[in-house]
Amino acid sequence: MSEKDLFLNVLREWMEASMHRSFHIFIKHNRESGLSLSQINTLFRLYHHGPDSVHDLADHLGITNAAVSQLLDSLIEAGLLTRAEDPRDRRMKRIELTEDGKALVEKSMKRRQAWLFDLANAFSDSEKAQILPALKLLKQRTLELNKKHGPLCRVNENK
């Protein structure tokens, strides 16, 4: 196996192992919350992008305005969102997270990332010093790819 193939295989294996662990924790937390994946997706979208319209949320989720309105009703009833007139256009409804909604998203992110503390503690100080430059470079290259192609670019299997 060439060094290039070995690098790609190890990178892929690490990513799969870390994503498996992260998603397992994320799914477990979401089941405990009693929310659907679409509801969680909506909360995360609003957390990361700020207030949004019903139409834009429907586009993001790939569902109709009517379907997203039903989804929003249950989140509003649960006290996780508010729906109000958009100050720029009173015909539009502006959807925004409440403090409880923000807290739920932040708790979900903390639970999903908690395993990283265990992983970090599994390394000695000298191992951390060896790995840190590579992690910084990995982050830099990932950000460069996101900037060039966007975060949801198509993967080229032949490279």
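Heavy atoms only: backbone and side chains are in, while hydrogens, waters and symmetry mates are out. What you are looking at is a predicted structure, and each value in this text was computed from that prediction instead of being measured.
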TODO: Inspect the surroundings of CD in Gln140 and state if more than 12 heavy atoms from other residues, nucleotides or ligands are less than 6.0 Å away.
DONE: yes
TODO: Could you tell me whether a side-chain N or O of Ser22 sits under 3.5 Å from a main-chain N or O of Ser18, the two making a donor and an acceptor?
DONE: no
Task: Atom of Leu104, atom of His29 and distance for their closest heavy-atom approach - done: O-NE2, 4.2 Å
- [ ] Check whether Ile25 and Met19 end up in the same hydrophobic cluster, where Ile, Leu, Val, Met, Phe, Trp and Tyr are linked by side-chain heavy atoms less than 4.5 Å apart.
- [x] no
Task: Separation between CG of Leu46 and CG of Leu72, rounded to the nearest 0.5 Å - done: 8.0 Å
Task: Between NE2 on residue His49 and CG on residue Asp56, distance to nearest 0.5 Å - done: 11.0 Å
- [ ] Hey, could you give me the CG/NZ distance between Asn121 and Lys128, rounded to the nearest 0.5 Å?
- [x] 5.5 Å
TODO: Indicate, with yes or no, if Met109 and Leu97 share a hydrophobic cluster defined by side-chain heavy-atom contacts under 4.5 Å among Ile, Leu, Val, Met, Phe, Trp and Tyr.
DONE: yes
Task: Minimum heavy-atom distance Asp100-Gly79, with the two atoms named - done: CB-O, 3.7 Å
Open item on the list: Can you confirm whether more than 12 heavy atoms, excluding those of Trp115, are under 6.0 Å from its CH2 atom?
Closed with: yes
Open item on the list: Using every non-hydrogen atom in the two residues, find where Gln39 and Ser74 come nearest and quote the distance to one decimal.
Closed with: NE2-OG, 2.8 Å
Task: Shortest non-hydrogen separation from Ala58 to Asn65 and the atoms involved - done: CB-OD1, 3.2 Å
TODO: Would you check, one step at a time, whether the test side chain to side chain contact (heavy atoms under 4.5 Å, CB included) holds for Glu85 with Lys93?
DONE: CA-CA 5 Å; Glu85 288 180 353; Lys93 297 296 180 195; 3.9 Å; yes
- [ ] Check whether Phe23 and Leu116 end up in the same hydrophobic cluster, where Ile, Leu, Val, Met, Phe, Trp and Tyr are linked by side-chain heavy atoms less than 4.5 Å apart.
- [x] no
Open item on the list: Looking only at side-chain N and O atoms, does Ser38 offer a donor or acceptor that is under 3.5 Å from a partner on Ser36?
Closed with: no
Task: Identified side-chain contact (heavy atoms from CB on, under 4.5 Å) counterpart of Val68 within the set Ile95, Asp73, Val54 - done: Val54
Task: For Ser108 against Asn30, the heavy-atom pair lying closest together - done: OG-OD1, 3.9 Å
Task: Over 12 non-hydrogen atoms of neighbours within 6.0 angstrom of NE2 in His24 - done: no
Open item on the list: Quick one: does any side-chain atom of Asn41 pair with a main-chain N or O of Leu37 as donor and acceptor, under 3.5 Å?
Closed with: no
Task: Distance in Å, Lys102 NZ paired with Leu81 CG, rounded so as to fall on 0.5 Å steps - done: 11.5 Å
- [ ] Run the salt-bridge test on Glu144 and Arg141 with the 4.0 Å N-O cut-off and return the result as yes or no.
- [x] yes
- [ ] Check whether any side-chain N or O of Thr98 sits under 3.5 Å from a backbone N or O of Leu80 as a donor-acceptor pair, and report yes or no.
- [x] yes
TODO: Identify whether the distance between the nearest side-chain nitrogen and carboxylate oxygen of Lys107 and Glu32 falls below 4.0 Å.
DONE: no
Open item on the list: With no hydrogens and no angle check, just 3.5 Å: does a side-chain donor-acceptor pair link His55 and Asp59?
Closed with: yes
- [ ] State the CD-CZ distance between Gln130 and Phe123, to the nearest 0.5 angstrom.
- [x] 10.5 Å
Task: Least distance between heavy atoms, Tyr47 atom then Val105 atom - done: CG-CG1, 3.6 Å
TODO: Could you tell me whether His20 atom NE2 has more than 12 heavy atoms of other residues or ligands within 6.0 Å of it?
DONE: no
TODO: Working to the nearest 0.5 Å, report the span between CG of Leu143 and NZ of Lys148.
DONE: 14.5 Å
Task: Same apolar cluster: Leu132 and Leu138, side chain cutoff 4.5 Å - done: no
